[in-house]
Trainee: 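Would you mind keeping the following structure in view while I ask a few things?
Note that the coordinates shown come from a computational prediction; the quantities given were computed from them, not determined experimentally. Sequence lines set the chain letters: A, B, ... in the order given, protein chains first and strands last, and positions in each chain run from 1.
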Amino acid sequence: DTAVSQTPKYLVTQMGNDKSIKCEQNLGHDTMYWYKQDSKKFLKIMFSYNNKELIINETVPNRFSPKSPDKAHLNLHINSLELGDSAVYFCASSQGPDVYGYTFGSGTRLTVV
Amino acid sequence: ILNVEQSPQSLHVQEGDSTNFTCSFPSSNFYALHWYRWETAKSPEALFVMTLNGDEKKKGRISATLNTKEGYSYLYIKGSQPEDSATYLCAARDSSYKLIFGSGTRLLVRP
């Protein structure tokens, strides 16, 4: 049983399209995150929700919008996709926002053509 | 802004060698330090979370230490095995909720 699952694993789409990436965790964790792996392979925080409340909203274009319908799900919606949005996006969860290790999903490779 | 640096960028060792890597972070406003192991084609996996100056944690042949006053952490692997080959990521958190990752140390253990 996958602890943090992301769908889709791969996403190829054209510039200008709107797409969503879904993330679900079955660990009972309170906190979920979206990270982007940039071109230099750094993991950069984008958003975090704790019990459905937004606690981190990093400086990302407002074309990116997270949605957390419940604490087990954190989806990422991207409007008007641009070439520079191509990256691997990782979802993660933790018991809480404080001093707990993160459990990561397997990543979604987004390619914008 | 928290800046986390790791060294070396990559490391090749022989099976059986012991090795260590360094993670540096700003000591002011420090809150927590994480270590992760990231194997190719898998997700990062949490190894340790440390908060207190002088903390030492151990999991099998892997251990980590933390110095919050000078802003560094060491990760040690004793008797490296080929299955230890991975990228080891360090991440630090200050009083905000943001966990900032370093670029990682890529370890290759030759049989």
Side-chain angles (χ1 to χ4, degrees), chain A residues 2-7 9-10 21 23-25 27 29-51 53-60 66 68 74 87-109, chain B residues 1-10 23-25 29-53 55 57-59 62 64 66 68 73 75 86-107:
Chain A
T2 307
V4 179
S5 58
Q6 294 180 227
T7 52
K9 199 170 170 66
Y10 299 97
I21 307 172
C23 180
E24 176 181 2
Q25 54 96 2
L27 298 166
H29 286 173
D30 284 343
T31 316
M32 295 185 74
Y33 312 84
W34 277 110
Y35 275 82
K36 178 181 179 180
Q37 186 181 22
D38 68 14
S39 55
K40 293 184 180 176
K41 306 294 184 189
F42 276 89
L43 287 171
K44 300 276 193 193
I45 182 69
M46 299 174 72
F47 302 105
S48 176
Y49 273 74
N50 184 51
N51 268 319
E53 181 189 339
L54 184 66
I55 58 170
I56 299 174
N57 186 359
E58 198 52 0
T59 312
V60 297
S68 182
L74 180 61
V88 182
Y89 293 85
F90 285 92
C91 176
S93 72
S94 65
Q95 277 184 266
D98 287 329
V99 291
Y100 301 99
Y102 291 10
T103 302
F104 280 85
S106 55
T108 294
R109 182 174 292 278
Chain B
I1 295 175
L2 207 56
N3 189 35
V4 178
E5 295 183 358
Q6 292 188 246
S7 62
Q9 266 194 323
S10 65
C23 173
S24 303
F25 53 87
N29 230 8
F30 170 83
Y31 196 87
L33 191 285
H34 295 217
W35 280 101
Y36 291 81
R37 180 166 75 184
W38 195 354
E39 294 179 68
T40 305
K42 293 189 177 179
S43 316
E45 175 195 337
L47 289 172
F48 307 114
V49 179
M50 297 184 287
T51 57
L52 298 175
N53 186 46
D55 253 355
K57 298 241 173 164
K58 190 171 179 197
K59 190 185 267 192
I62 304 178
L66 178 65
T68 61
S73 174
L75 187 81
T87 296
Y88 290 84
L89 294 175
C90 163
R93 224 203 86 179
D94 58 16
S95 54
S96 75
Y97 288 117
K98 298 175 199 171
L99 188 66
I100 307 299
F101 282 83
S103 57
T105 292
R106 270 189 306 281
L107 174 68

Trainee: Output all residues satisfying salt bridge (charged side-chain N to carboxylate O under 4.0 Å, His left out) with E53(A), sequence neighbours left out; order by chain, then residue number.
Mentor: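 Per chain and number, E53(A) pairs via salt bridge (charged side-chain N to carboxylate O under 4.0 Å, His left out) with no residue.
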Trainee: Between I55(A) and chain B, which part of the residue has a heavy atom less than 4.5 Å away: side chain, backbone, both or neither?
Mentor: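 Backbone plus side chain of I55(A), per the 4.5 Å heavy-atom cut-off to chain B.
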Trainee: Considering non-hydrogen atoms only, spot the tightest contact between W34(A) and Q6(A) and give its length.
Mentor: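 Scanning both residues completely, I find the closest heavy atoms to be CZ3-NE2, 3.6 Å.
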Trainee: Within residues 38-45 of chain B, which residues come under 4.5 Å of chain A, heavy atom to heavy atom?
Mentor: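 Result: W38(B), S43(B), P44(B).
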Trainee: Closest approach of P97(A) and R93(B), non-hydrogen atoms and distance?
Mentor: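 Between these two residues, the closest heavy atoms are O-NH1, 2.6 Å.
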Trainee: Side chains of L66(B) and L52(B): does their closest heavy-atom pair fall under 4.5 Å?
Mentor: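 L66(B) vs L52(B): side chains apart.
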Trainee: Is any side-chain heavy atom of M32(A) closer than 4.5 Å to a side-chain heavy atom of S68(A)?
Mentor: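 Not in contact.
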Trainee: Go through the atoms of Y36(B) and report whether side chain, backbone, both or neither lie under 4.5 Å from a heavy atom of chain A.
Mentor: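 Only the side chain of Y36(B) comes within 4.5 Å of chain A.
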Trainee: For residues Q37(A) and F101(B), determine if any side-chain heavy atom of one lies less than 4.5 Å from a side-chain heavy atom of the other.
Mentor: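 A side-chain contact is absent here, since even the closest heavy-atom pair is not under 4.5 Å.
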Trainee: So do T105(B) and S7(B) actually touch side chain to side chain, heavy atoms under 4.5 Å?
Mentor: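 Contact flag for S7(B)/T105(B) side chains = no.
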Trainee: Contact part of N50(A) toward chain B, heavy-atom cut-off under 4.5 Å: side chain, backbone, both or neither?
Mentor: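 N50(A) has no heavy atom closer than 4.5 Å to chain B.
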Trainee: To check you understand the geometry: which heavy-atom pair defines the closest contact between G107(A) and V88(A), and what is its length?
Mentor: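 For G107(A) versus V88(A), the nearest heavy atoms are CA-CG1, 4.2 Å.
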Trainee: Between S103(B) and chain A, which part of the residue has a heavy atom less than 4.5 Å away: side chain, backbone, both or neither?
Mentor: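 Both backbone and side chain.
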Trainee: Counting only non-hydrogen atoms closer than 4.5 Å, can you tell me which residues of residues 40-48 of chain A sit against chain B?
Mentor: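 If one takes a 4.5 Å heavy-atom cut-off, the residues of residues 40-48 of chain A near chain B are F42(A), L43(A), I45(A).
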Trainee: Which answer fits L33(B), side chain, backbone, both or neither, if we ask what part of it has an atom under 4.5 Å from a heavy atom of chain A?
Mentor: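 For L33(B), there is no contact with chain A at all, as no heavy atom is under 4.5 Å.
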Trainee: Does the side chain of H34(B) come within less than 4.5 Å of L99(B)'s, by heavy atoms?
Mentor: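 Contact flag for L99(B)/H34(B) side chains = yes.
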Trainee: Do P66(A) and L74(A) make a side-chain contact, defined as non-hydrogen atoms from C-beta onward lying under 4.5 Å apart?
Mentor: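 They are in side-chain contact.
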Trainee: Which residues pass the ring-ring contact (aromatic ring centres under 6.0 Å, His included) test with Y88(B), not counting sequence neighbours?
Mentor: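 ring-ring contact (aromatic ring centres under 6.0 Å, His included) check on Y88(B) returns F21(B).
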Trainee: Taking side chain as everything from C-beta outward and backbone as N, CA, C, O, which of these in F90(A) sits under 4.5 Å from a heavy atom of chain B? Side chain, backbone, both or neither.
Mentor: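 Only the side chain of F90(A) comes within 4.5 Å of chain B.
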Trainee: Just so I know, are the side chains of R37(B) and I62(B) near enough to count as touching, which here means a heavy-atom distance under 4.5 Å?
Mentor: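 SC-SC contact between R37(B) and I62(B) confirmed.
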